[in-house]
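Working notes, beginning with the structure itself.
Start at 1 and go down the list; that is how both ligands and their atoms are numbered. Values below: every heavy atom of this structure, side chains too, minus hydrogens, waters and symmetry copies. Bear in mind the structure is a predicted one, so any value in this text is a computation, not a measurement.
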Amino acid sequence: MAKPFASSADLAEKSQSLEVPADGVYALTAEGDPNVGAIEGEDFLVCFEALATPVAAREWLIRLREHTDKPIRYLVLSHYHAVRVLGASAFGADVIVAHEKTRELIAERGRQDWASEYARMPRLFKEPASIPGLTWPTATFSDRFTIDLGGDRGDLVLAYCGRGHTEGDLVAWLPRRRIMFAGDLVESQAALYTGDAFHREWSSATLDRVASFGAETLVGGRGAVAYGKAEVAAAIAQTRDFLAVMLREVGAASTLKEAFDRTHRALEPRYGGWPIFEHCLPFNVSRLWDELHGVERPRVWTAERDRAVWDQLQS
Ligand SMILES: [Zn+2]
């Protein structure tokens with residue numbers, strides 16, 4: 001039987017849980033749907049990720065408002081993907097921060113990515129008509145961006161760790177609490193999406209840099225919050241292993257279809273039951289095949305190309 005396209009048949013609402021890993025630090029997880037977070041400054045808030053639509057974002061803000069009524073000064077976007085950024089208008093933030101490559105990617109392929117992600121994951125796009133347009137960062141950086149949280153709260157450091165899940169991912173690091181928001185560079189008990197990735201760099205230098213912060217709590221892009229050094233190490237190791245298996249299997253294949261079948265077979269026993277595994281794999285293998293055959297930057301995903309790759313590999 002043909003598998004339904006991407007996550008188009010995944011229509012059951014996920015249950016969300018709001019966790020408070022430290023005083024003034026919030027993480028909303030949702031059984032493998034994209035995670036979001038917030039960090040309190042002395043007299044303002046920093047929000048991390050914007051969800052797919054303003055209506056979806058407003059539901060998160062209602063929960064956050066049960067804990068704090070501080071105004072939102074910063075909205076931080078970990079990367080350009082539509083389900084992370086298109087809810088931005090709901091936050092009314094003074095400043096929208098992203099890596100400089102993220103801004104370039106929104107300009108280059110933001111429209112196509114919006115159409116692609118909407119077709120792949122329609123459930124995440126609550127009231128899609130509420131999206132006013134593309135989200136444009138108003139502050140960008142290349143290496144580091146530091147936000148003084150005020151009082152004795154210390155800094156929130158936004159850092160670039162190299163190319164990974166996309167060309168412009170950032171992590172948000174709270175040194176005083178040793179808490180990291182890693183965006184999609186690390187997943188904890190959720191499958192990886194690598195359709196816009198740089199697998200070789202991500203699996204080596206980029207994850208080395210992420211690990212070098214020495215986080216003791218880590219909020220990944222999807223999945224559970226990792227508490228304690230062992231869980232953080234396990235989340236990073238899981239991410240690295242997923243990439244390493246892909247590199248090994250795709251590298252050993254002589255056709256794209258063989259690459260998909262080998263990779264599926266190798267990953268399925270460990271990761272097959274995790275959120276979005278079947279959804280992501282055709283796009284992941286297609287991108288890695290390109291990467292290993294000299295295509296430097298990921299090709300743009302369009303709704304049409306998504307379908308063609310799905311039909312070739314998943315049916
Ligand atoms: Zn992403």
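For Asp241 and Arg270, the salt-bridge test passes: some basic side-chain N is under 4.0 Å from an acidic carboxylate O. With respect to Lys14 and Glu31, no salt bridge is recorded, no charged nitrogen being found less than 4.0 Å from a carboxylate O.
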For residues 180-187, tabulate all N or O donor-acceptor pairs below 3.5 Å that involve a side-chain atom, not counting sequence neighbours.
| residue | atom | partner | partner atom | Å |
| --- | --- | --- | --- | --- |
| Asp184 | OD1 | Arg84 | NH2 | 2.9 |
| Asp184 | OD2 | His79 | NE2 | 3.2 |
| Asp184 | OD2 | Arg84 | NE | 3.4 |
| Asp184 | OD2 | Arg84 | NH2 | 3.2 |
| Asp184 | OD2 | His165 | NE2 | 3.2 |
| Glu187 | OE1 | Gly221 | N | 3.3 |
| Glu187 | OE1 | Arg222 | N | 2.7 |

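Aromatic pair Tyr160/Phe141: ring centres not closer than 6.0 Å.
Protein atoms that are N, O or S and lie under 2.8 Å from the Zn ion (ligand 1) are these: His79 NE2, His81 ND1, His165 NE2, Asp184 OD2.
A distance of 11.5 Å separates CG of Leu61 from CD of Glu66, quoted to the nearest 0.5 Å.
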### Message
salt bridge (charged side-chain N to carboxylate O under 4.0 Å, His left out) for Arg176 and Asp155? Distances and angles first, verdict last.
### Response
CA-CA 8 Å; Arg176 188 152 299 183; Asp155 289 335; over 6 Å; no

